[in-house]
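Side-chain atoms are counted along with the backbone in the values below, which use heavy atoms only and exclude waters and symmetry mates.
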Amino acid sequence: MNKNIIAAAGLLALSGAAAAAAPSAGQVYFERNCASCHTVDAAMGARSGPGLFNVVGRKAGSAPGYNYTDAMSKAGAAGKTWTREELDVFLANPSKDVPGTAMPVAVADAKARALVIDYLATQSGKAAAPAASAAAANGNASGAGDKAGAWTEDKPGDMHHVRVDQLVAPYASQSAGNGPKLAPRPNGAMPQVPKGFKVGEFASDSGKARLAVRAPNGDIFLSEAGKDEIRVLRQNGEKAQTIGVFASGLSRPYGMVFWPSGANPKYLYVANVNSIVRIPYSVGDVKAKGAPETIVEKLADTTGGHTTRTLAFSKDDKTLYVSVGSATNYASDIGNKPPEPLAQWEAKHGMGAAWAEEASRADVLAFDADGKNRRTFATGLRNCVGLFVHPDTGDVFCSVNERDELGDNLPPDYVTRVKQGGFYGWPWYYLGAHEDPRLKGIRPDLKDKITVPDTLIQAHSAPLGMTVYHAPSGAKHAFPKEYDGDVFLALHGSWNRGTRTGYKVIRVFMKNGVPTGQYQDFMTGMVLSDRDVWGRPAAVTVAADGALLVVDDGGGVVWRITPQ
């Protein structure tokens with residue numbers, strides 16, 4: 001049985017008044033595993049997923065204010081209604097029940113499904129409006145029409161420089177629930193790239209793959225959490241084809257890294273949602289020759305919220321870095337004090353480390369190569385999805401999704417070097433000593449201890465995978481010299497912004513391995529309207545021939561960009 005369910009059920013065993021106030025097991029499961037994408041509060045509208053108030057008995061694809069996929073809209077038009085039985089079937093395997101749905105995660109455990117359905121059946125969505133909406137209603141909202149950083153302005157070559165000293169105030173605009181509707185790619189439509197480059201389809205059957213890494217022989221490994229598997233692409237000219245499923249039966253795999261570095265790795269390390277395994281590997285393998293060996297049994301006590309875990313090794317191959325995103329938006333329910341004296345807690349978990357359901361979350365952790373000697377490397381990084389060790393400097397880098405529901409332009413996401421022992425603000429602060437108004441006065445001791453990140457990205461862009469561009473030796477399609485050493489970053493795109501932003505690949509300018517603060521649009525053109533998009537960049541990597549590969553998990557395509 002899921003450990004979260006056991007813990008939640010334990011709450012129900014409380015007696016007297018405590019039992020009356022205790023949350024149900026289904027509520028605890030929902031808040032830990034579903035609430036980062038869905039709300040049961042009608043006043044909140046939509047998040048990145050539809051609101052689930054009044055869902056039992058509701059027609060599919062009919063929640064107000066949510067941009068459903070065509071598949072879900074058609075299911076509702078055909079009469080599909082969310083009874084308890086229908087929800088049970090859907091949550092067990094969303095893509096099987098409604099092929100084409102954007103719902104990425106199943107609830108495999110039947111008892112967990114029953115608990116969360118029981119909880120949803122009690123939610124009528126009558127809660128009060130959140131603080132953000134109330135602030136906007138009081139006259140300081142600029143509305144959803146703000147064009148700063150909007151998709152309508154995007155074109156390859158445009159420069160951006162978001163600065164900390166120019167941040168807007170919290171709630172300067174109303175918090176939006178503006179998730180995208182994934183539309184078919186129009187006939188003949190292609191991403192836009194700078195003059196002097198061309199783009200084509202490298203692989204058109206990549207499904208919902210979210211991350212790509214290159215093996216020493218040039219094979220491209222793709223992780224697909226929804227199928228619990230890792231596939232292998234092999235290039236043939238300008239195209240590639242899937243030549244095998246390297247490993248299956250994993251647990252929502254995301255991060256991958258070969259070890260040791262160099263021409264002859266022995267293992268592929270894989271980050272499951274709450275563990276790390278390594279799989280025997282020899283160059284050229286397209287099928288694992290041995291079972292995964294678990295080297296880290298548990299990363300955190302909770303698995304809900306952000307589920308991507310990214311891996312990277314230090315330059316000397318001795319230290320394995322793991323990013324673990326937060327369980328919630330801003331740790332609203334963890335209370336004001338850790339379960340032990342603050343000094344003791346921080347001595348164990350790092351300066352600024354959160355507690356309760358956020359323990360060991362919003363962190364970069366470090367282990368020895370065998371998974372032992374666990375320690376906290378850095379804290380306060382809400383969701384570091386892109387993680388790498390710079391091949392020249394050895395610095396650890398993160399691309400971070402910052403918090404939501406403070407307005408269209410706050411706070412910016414970012415790319416930064418991550419310092420050992422550094423605290424980056426979450427949940428109490430953002431981008432230096434800017435206090436989250438929802439957590440005011442809880443941790444004044446941290447105000448002057450926050451590391452300010454290097455390069456800020458338009459708020460709600462959702463940065464995911466990134467890579468340093470270095471053309472491999474002898475590459476036939478190397479980028480011009482001025483691109484060498486810069487970072488390419490995939491922006492998956494916004495849901496919490498009135499005017500859509502992201503859905504593109506950007507070039508983060510570097511100087512001697514240090515971000516300059518500026519970035520440039522590199523691949524754009526995937527947004528059709530403020531409702532519809534046909535692609536969502538999720539990751540980038542450099543192919544053996546020097547081409548830049550872009551994983552598009554919205555269109556199910558891996559794009560290939562080369563100089564003309």
Inset, instruction - Could you please spell out the steps behind the side chain to side chain donor-acceptor pair (under 3.5 Å) verdict for Asp392 and His470? - result: CA-CA 10 Å; Asp392 302 328; His470 281 325; 2.9 Å; yes
Inset, instruction - For Ser314 and Thr319, indicate whether the former's side chain and the latter's backbone hold a donor-acceptor pair under 3.5 Å. - result: yes
Legend entry - Pairing of Asp413 and Arg403 as salt bridge, 4.0 angstrom limit: no
Inset, instruction - Taking the side chain as every heavy atom from C-beta outward, state whether Val277 and Ile295 have any pair of such atoms under 4.5 Å apart. - result: no
Legend entry - Ion pair check, Asp545 and Lys476, cut-off under 4.0 Å: no
Legend entry - Whether Phe479 and Tyr469 hold their rings parallel, tilted or perpendicular, with breakpoints at 30° and 60°: parallel
Inset, instruction - Please assess Asp368 against Arg375 for the test salt bridge (Lys or Arg N to Asp or Glu O under 4.0 Å), listing each intermediate value before the final yes or no. - result: CA-CA 9 Å; Asp368 291 349; Arg375 60 267 193 202; 3.0 Å; yes
Inset, instruction - Please work out whether the ring planes of Trp355 and Trp345 are parallel, tilted or perpendicular, with thresholds of 30° and 60°. - result: perpendicular
Inset, instruction - Carefully, step by step, assess Arg361 and Thr302 under the rule side chain to side chain donor-acceptor pair (under 3.5 Å). - result: CA-CA 8 Å; Arg361 307 292 298 264; Thr302 59; 2.9 Å; yes
Legend entry - side chain to side chain donor-acceptor pair (under 3.5 Å) evaluation trace for Ser275 with Asn272: CA-CA 5 Å; Ser275 65; Asn272 288 318; 3.2 Å; yes
Inset, instruction - Could you check Trp559 against Asp552 for side-chain contact (heavy atoms from CB on, under 4.5 Å), going step by step and ending with a plain yes or no? - result: CA-CA 7 Å; Trp559 300 99; Asp552 167 12; 3.3 Å; yes
Legend entry - Residue of the set His492, Arg536, Lys208 for which side chain to side chain donor-acceptor pair (under 3.5 Å) holds with Asp553: His492
Legend entry - Heavy-atom donor-acceptor pair, Ser399 side chain to Leu464 backbone, under 3.5 Å: yes
Legend entry - Interatomic spacing from CE in Met526 to CG in Leu491 - rounded to 0.5 Å: 11.5 Å
Inset, instruction - May I ask you to decide if Asn383's main-chain N or O and Trp426's side chain share a donor-acceptor pair within less than 3.5 Å? - result: no
Inset, instruction - Enter the distance from Ile230:CD1 to Ser223:OG here, rounded to the nearest 0.5 Å. - result: 6.0 Å
Legend entry - Note: Asp109-Arg113 ion pair, threshold 4.0 Å (strictly below): no
Legend entry - Any Val418 side-chain heavy atom under 4.5 Å of Thr416 side chain: yes
Legend entry - Thr455 side, atom OG1; Phe509 side, atom CZ - distance, nearest 0.5 Å: 10.5 Å
Inset, instruction - Look up atom CE in Met256 and atom CG in Leu268, then write down how far apart they are to the nearest 0.5 Å. - result: 6.5 Å
Legend entry - Value rounded to 0.5 Å, distance of OG1 in Thr516 from CE in Met510: 8.5 Å
Legend entry - Lys/Arg N to Asp/Glu carboxylate O, Glu297 vs Arg374, below 4.0 Å: no
Inset, instruction - Considering only NZ, NE, NH1 and NH2 on the basic side and carboxylate oxygens on the acidic side, decide whether Glu224 and Arg231 come within less than 4.0 Å. - result: yes
Inset, instruction - Find the distance between CZ (Phe202) and CG (Leu233) and round it off to the nearest 0.5 Å. - result: 6.0 Å
Inset, instruction - Classify the ring geometry between Tyr414 and Tyr424 as parallel (under 30°), tilted (30 to 60°) or perpendicular (over 60°). - result: parallel
Legend entry - Validation row: Pro280, Lys266 side chains within 4.5 angstrom (heavy atoms): no
Inset, instruction - Without swapping roles, check the side chain of Trp259 against the backbone of Asp317 for a donor-acceptor pair under 3.5 Å. - result: yes
Legend entry - Option among Tyr267, Tyr321, Phe258, Tyr269 that satisfies the ring pair (Phe, Tyr, Trp, His ring centres under 6.0 Å) test with Phe313: Tyr269
Inset, instruction - With side-chain contact (heavy atoms from CB on, under 4.5 Å) as the test, would you mind laying out the steps for Arg417 and Val396 before giving the verdict? - result: CA-CA 6 Å; Arg417 294 165 293 170; Val396 177; over 6 Å; no
Legend entry - Asn512 CG: over 12 foreign heavy atoms closer than 6.0 Å: no
Legend entry - Heavy-atom check, side chain of Pro94 versus side chain of Thr101, under 4.5 Å: yes
Inset, instruction - Please determine if Glu293 and Arg278 form a salt bridge, counting it only when a charged side-chain N lies under 4.0 Å from a carboxylate O. - result: yes
Legend entry - Contact check, side chains of Leu311 and Tyr254, non-hydrogen atoms, under 4.5 Å: no
Inset, instruction - Apply the side-chain contact (heavy atoms from CB on, under 4.5 Å) test between Leu549 and each candidate in Thr467, Thr541, Ile561; give the one that qualifies. - result: Thr541
Inset, instruction - Decide side chain to side chain donor-acceptor pair (under 3.5 Å) for Glu358 and Ser326; before the verdict, give the C-alpha distance in whole Å, the side-chain angles of both, and the deciding distance to 0.1 Å. - result: CA-CA 6 Å; Glu358 298 293 355; Ser326 70; 4.7 Å; no
Legend entry - Ring centres under 6.0 angstrom apart (Phe377, Phe367): no
Inset, instruction - May I ask you to decide if the ring planes of Phe522 and Tyr483 are parallel, tilted or perpendicular, using 30° and 60° as cut-offs? - result: perpendicular
